[in-house]
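Notes to accompany the following structure.
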Amino acid sequence: MEGTLGLLGTGGGGGGGPSSGGSTTGSMSTVSKEDNLVLSSEVSSSYPDESELELGLGLGFGGGSALKAKTPPTPTPWGQYARILTAKDFPSLVGKASSSSSSSSSSSVTKANASAGTKRTADSVASAANGVSQVVGWPPIRSYRMNSLVNQIKSPTTGEFNSTIEKSRSKNGVVDKTNSGSDKNVNNAKEKGHIKTSLFVKVNMDGIPIGRKVDLNAHSCYETLAEKLEDMFCRPSTAVSARRSSFEEHDPMVEATGPSKLLDGSSEFVLTYEDKEGDWMLVGDVPWGMFLSSVKKLRIMRSSEVNGLAPRFRERNVSQRITPI
Amino acid sequence: MDPNPKRRMDSPDLSESNRFSPFPDEVLERVLSLVKSHKDRSSVSLVCKDWYNAERWSRTHVFIGNCYSVSPEIVARRFPKIRGVTLKGKPRFSDFNLVPPNWGADIHSWLVVFASAYPFLEELRLKRMTVTDESLEFLVTSFPNFKALSLLSCDGFSTDGLAAIATHCKNLTELDIQENGMDDSGGGWLSCFPENFTSLEVLNFASLNSDVSFDAFERLVSRCKSLRILKVNKNITLEQLQRVLVRAPQLTEFGTGSFHQELMPRQYTELESAFSNCKNLHILSGLWEATGLYLPVLYPACDSLIFLNLSYATLLSGELATLLSHCPKLRRLWVLDTVEDKGLEAVGSSCPLLEELRVFPMDPFDQDILRGVTESGFVAVSYGCRRLRYVLYFCRQMTNAAVATIVQNCPGFTHFRLCIMNPGRPDYLTNEPMDEAFGAVVKTCTKLQRLAVSGLLTDLAFEYIGNYAKNLEALSVAFAGSSDWGMQCVLRGCPKLRKLEIRDCPFGNAALLSGLEKYESMRSLWMSACNVTMNGCRLLARQMPRLNVEVMKDGESDDSQADKVYVYRSVAGPRRDAPPFVLTL
């Protein structure tokens, strides 16, 4: 469902707009574009006459006869795309009567539309009610490559440096790239959602009697996971928009507050996990993909409770086994 | 087993044809055994009955582009002496999750027939097929002489199946596992190669995620002296890589593991020296997480490099430029768009012999058009690499003028696959459709065999394709076209068209039915999310009984819509193993 919002309990939409709330592209302007799109697709389905009009203004779609492209329509690429969308509903093309935005052919174009910004873990033909869903299989890149790239974008900050992160430190102007990239990586992970299923594991925090569950497949790196967990346990009242604006504004905010505390040992708590063999390990040592395949549950442990916990150096490749007292 | 007596019985008019045959059949067969190309063999078999027979008796490798176009029994009947089989299964769009799981293309029924018809089968190369561990186990027990297994984009098996292969195939020369949807339950399979096993020539486990035992791996490489192609997975560190490479300096093709690790200076030098000892390295890949820091170890080996696959290395333009300056002989290059236009300029200036370029997107879902490559990168390459004939280019913006320039510089394109990632995007400078771009491509590149279009396209683009792309064999279309007319132009105008795949286009029944006579000369047609109805498909099925017309419906569409249509010629009749969601009309 709406795991994409990353909210607690109340799920739902702190973010602006209906479906577009699901988007975490971190670009506000995209949101408004989507709103426009959503509207136009709804318009086309409910008011065929108006869609015809739109067609007239557009590139001469539909109508059977071969129309050459006339004067190109003005506006944004998205506006133009809305016109293509309406052509799908145009009955003259095939004599198909369906024009509701929930029909699969038009909805896949709607989906294409929505590639603008809404990323969802929904299945291919879903969320028709919201009028926006994601495009399956576009751009045409094999799943293996997609998964591989995403896992690479954010490898944990231990032995294997993420080359992008490294570059961001040494080169100017690339800092943005990395940080806003984290947003997109979460998106990518969510895109993968329609390829992968969810991987919910239990999370318990020392001192809090009620545990939570987190979908590991909604993340592609330790940073975002740790941040999510911090939100869950430490900042229960965080609203989506606040979080999103924090992504917007800020690089420093992400670096300072986020993931590092749970991952680098500087806070009172430490993030650990139980692996397939039943051992409790420190989160962050192994590549993300490997972590995913061996993790069974998570525990946010008090540092004082950990036996044998040594300060974690980034370069270290060897996982540390820890014994909770 | 002398085939001759059998053959005499098969061709009763032998005495007659002998009059016209200038040489005995044995000679013909011997000559034909040197003909390897499948297309040529096909032509040979059509000459006359004698040649048909000679060809079928001398064929050792069979290529089946669509596993449902023929049945294993028919294959076994026609070709008695097969040693190698290549099979392709699912429609290509299954790579992009457009085909539901359990669709079919299971290898097992083929293996069962082959077990009795070709007990001496040596090679199996599968693409987009479903292969279970049971099938792999059946394979190892049924074919004692089995040598080469290649699985690309397959699914259904796990590392347990690989363990069976490693354990039992005493004569294995090739194990090539690429980009499959498989279950990785550990790297123990590699340890299953017996200690006396030495025949391996090709090993590719680059896409497997779990650790193999490095000791076992090192020993394996040491004793397999004929190893020429080795691609390891990203869990192999640089240090381990060095240890492996020193044992296999004869490699011609090498895929590294993760190319980043803190190395002491001595280790760095050792690694560099290991690479410089590889005098025959033509192909390099892997290079996950490679950075400018470690790429220099490759330089000594780059001189003979023909194909460099950097599509998993997030390099920046400067890093790429430096690397390429060491690769003058490069003919094929795959990169990520992190290198940006500047990196592509370096490609243009450093690689004059380049024939193939593929640029993959780092962040395919990123809407920020300030990243990645643009039309100017592509143009820069075209100025420097005039021999370019294969391109796969993912970008976010393109112009008609740029494409026109590109094909003018490089008229020799045989494969032109342009993916403007936002669907339906027009020329970003003029806001016009991209029709003229692809018009230029088909007009200028007369040898064009494969074309993938994107961007905002009207029927005009397809008119151009139909009018000019006379050598086109494969066309891929998404989110394009204005009406049935577009598809009709293509079907009418491209005589050599074999594969047509279309998604999310406004083509309907009229377009579908206009190809009535064409589909039997094609391998397949795929149409999804278009305007085709069930009735249209039924009509097609009725008119053309030798075509299989299959429809898959999405859950929520109304009954009359044919959401996914897959049409292909077949001599095997309708599928007998179709799952419930595949309706054969």
Side-chain angles (χ1 to χ4, degrees), chain A residues 25 27 30 59-64 66-69 72 77 80-81 84 87-88 93-94 96 98 102-105 108-109 112 115-117 119 124-125 128 136-146 148-149 152 155 159-161 163-164 166-167 184 187-188 191 194-195 289-290 293 315, chain B residues 93 95-98 153 179 181 207 209-210 258 260-262 288-291 312 314 316 360-367 394 419 421-426 430-433 435 456 458-460 463 478-479 482-485 504 506 508-509 529-531 533 554-558 560-561 563:
Chain A
T25 49
S27 159
T30 321
L59 301 167
F61 281 85
L67 299 170
K68 307 278 190 216
Q80 257 177 343
Y81 196 67
I84 302 177
K88 300 275 318 180
L93 284 180
V94 182
K96 125 181 119 97
S98 150
S102 63
S103 80
S104 76
S105 6
S108 56
V109 181
S115 69
K119 320 295 198 260
S124 55
V125 187
V136 178
W138 189 265
I141 299 167
R142 290 209 195 131
S143 331
Y144 169 75
R145 178 174 288 282
M146 298 246 249
S148 185
L149 283 178
Q152 221 199 160
S155 49
E160 286 119 44
F161 278 98
S163 53
T164 334
E166 218 184 49
K167 284 160 196 161
K184 305 210 162 64
N187 290 340
N188 286 343
E191 280 299 312
H194 74 257
I195 302 166
M290 202 185 288
S293 59
E315 286 78 337
Chain B
F93 276 172
D95 281 348
F96 318 124
N97 302 303
L98 288 180
S153 224
E179 300 185 14
S207 55
N209 288 327
S210 46
S258 168
H260 189 106
Q261 186 189 355
E262 299 280 320
W288 283 278
E289 297 164 342
T291 65
Y312 293 103
T314 51
L316 299 182
F360 294 95
M362 179 68 204
D363 266 327
F365 305 104
D366 181 7
Q367 298 314 306
F394 283 88
C419 182
M421 288 189 277
N422 295 344
R425 208 167 150 81
T430 65
N431 248 350
E432 282 174 8
D435 296 336
L456 183 64
T458 70
D459 286 342
L460 180 58
E463 273 184 42
F479 306 105
S482 341
S483 74
D484 287 333
W485 173 245
D504 294 88
N509 291 337
C530 297
N531 290 342
T533 69
D554 286 337
E556 295 181 17
S557 69
D558 68 60
S560 64
Q561 279 306 104
D563 307 306

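The sequence lines fix the lettering, A, B, ..., with proteins before strands; numbering per chain opens at 1.
- Take B/Ser207 and apply the side-chain hydrogen bond (donor to acceptor under 3.5 Å, both in side chains) test, not counting sequence neighbours, and it matches no residue.
- Neither the backbone nor the side chain of B/Phe93 comes within less than 4.5 Å of any heavy atom in chain A.
- Of all non-hydrogen atoms in A/Pro139 and B/Cys419, the two that sit nearest each other are CB-SG, 4.4 Å.
- No side-chain donor-acceptor contact under 3.5 Å links A/Trp138 to the backbone of B/Phe96.
- Of all non-hydrogen atoms in A/Val136 and B/Asn97, the two that sit nearest each other are CG1-O, 3.5 Å.
- Residues satisfying the side-chain hydrogen bond (donor to acceptor under 3.5 Å, both in side chains) criterion with B/Asp95, sequence neighbours excluded, are A/Arg142, B/Arg128, B/Ser153.
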